[in-house]
Amino acid sequence: MKFQWTLLFGLLFAILIAVFAVFNVDSVEVNYVFGTAMWPLVLVILGSALLGALTSGFVAIFRSYRSNRRIKELLKELAAKETTIAAQQNEIAHLQKQSRTFESSTDDINQRAAE
């Protein structure tokens, strides 16, 4: 649902920019580092909007890539820790079994000594 609202607001914003650009058809002087040129204002507005959208899209893709990479790293770390936990639980079970065996043997020794 959130994606649908985002898409709707994006479309409304694009329509608003397009209507604004169509009403501004006068030529304007654009200053570059190496010179100037006369461009229709509609192209300047649409070009600026397109460059802004491309820039934000590239930033979003980069952040998504970085997040996915981090998720993969954390999943590997989680798997390693789960393996460690399983090994430690097995060791605890083994030690508890040894402890019970030791306790029963000491009880037998104490009973024999008492006789």
Side-chain angles (χ1 to χ4, degrees):
M1 187 71 173
K2 181 180 175 184
F3 177 74
Q4 291 173 345
W5 281 109
T6 304
L7 184 63
L8 179 67
F9 285 130
L11 288 173
L12 288 174
F13 187 68
I15 290 170
L16 181 69
I17 288 174
V19 169
F20 180 74
V22 167
F23 285 120
N24 292 291
V25 292
D26 298 335
S27 291
V28 292
E29 185 176 340
V30 179
N31 294 317
Y32 300 108
V33 175
F34 52 85
T36 62
M38 294 296 287
W39 284 74
L41 187 55
V42 65
L43 292 179
V44 173
I45 292 170
L46 292 177
S48 298
L50 179 64
L51 285 174
L54 287 173
T55 302
S56 64
F58 284 134
V59 168
I61 289 170
F62 175 72
R63 292 176 112 191
S64 175
Y65 172 75
R66 192 171 58 181
S67 295
N68 287 338
R69 199 172 77 205
R70 180 70 176 139
I71 288 170
K72 286 179 184 178
E73 290 173 2
L74 291 173
L75 287 174
K76 286 180 183 178
E77 186 178 328
L78 177 65
K81 289 186 186 232
E82 286 176 343
T83 303
T84 303
I85 289 171
Q88 288 174 345
Q89 287 175 339
N90 288 338
E91 185 179 350
I92 289 171
H94 179 69
L95 290 174
Q96 286 175 341
K97 185 178 177 183
Q98 283 182 344
S99 173
R100 281 188 230 122
T101 305
F102 178 72
E103 287 175 358
S104 66
S105 64
T106 55
D107 288 341
D108 290 342
I109 292 172
N110 288 337
Q111 286 178 354
R112 288 181 192 155
E115 293 175 353

Presence of salt bridge, Glu73 and Arg70, under 4.0 angstrom: yes

Please round to the nearest 0.5 Å and tell me the distance separating atom CZ of Phe23 and atom CG of Leu41. 13.5 Å

Option among Ile45, Leu12, Leu50 that satisfies the side-chain contact (heavy atoms from CB on, under 4.5 Å) test with Ile17: Ile45

Set of residues satisfying ring-ring contact (aromatic ring centres under 6.0 Å, His included) with respect to Tyr32, sequence neighbours excluded: Phe34

dist Asn90:CG -> Ile85:CD1 (nearest 0.5 Å) comes out at 12.0 Å

Leu95 CG to Arg100 CZ distance, which is reported to the nearest 0.5 Å: 11.0 Å

Taking atom CD1 of Ile71 and atom CG of Leu78, what is their separation to the nearest 0.5 Å? 12.5 Å

In short, ring pair (Phe, Tyr, Trp, His ring centres under 6.0 Å) pairs touching residues 44-89 with sequence neighbours left out are none

Report yes if some heavy atom in the side chain of Lys72 is under 4.5 Å from a heavy atom in the side chain of Leu75; otherwise report no. no

For Ser64 and Ala60, indicate whether the former's side chain and the latter's backbone hold a donor-acceptor pair under 3.5 Å. no

Applying side chain to side chain donor-acceptor pair (under 3.5 Å), can you list everything that pairs with Gln98, at least two apart in sequence or on another chain? His94

Is it true that Phe20 and Trp39 fall in one hydrophobic cluster, defined by side-chain heavy atoms closer than 4.5 Å? yes

Are Val42 and Leu16 co-members of a hydrophobic cluster defined by side-chain heavy atoms under 4.5 Å apart? no

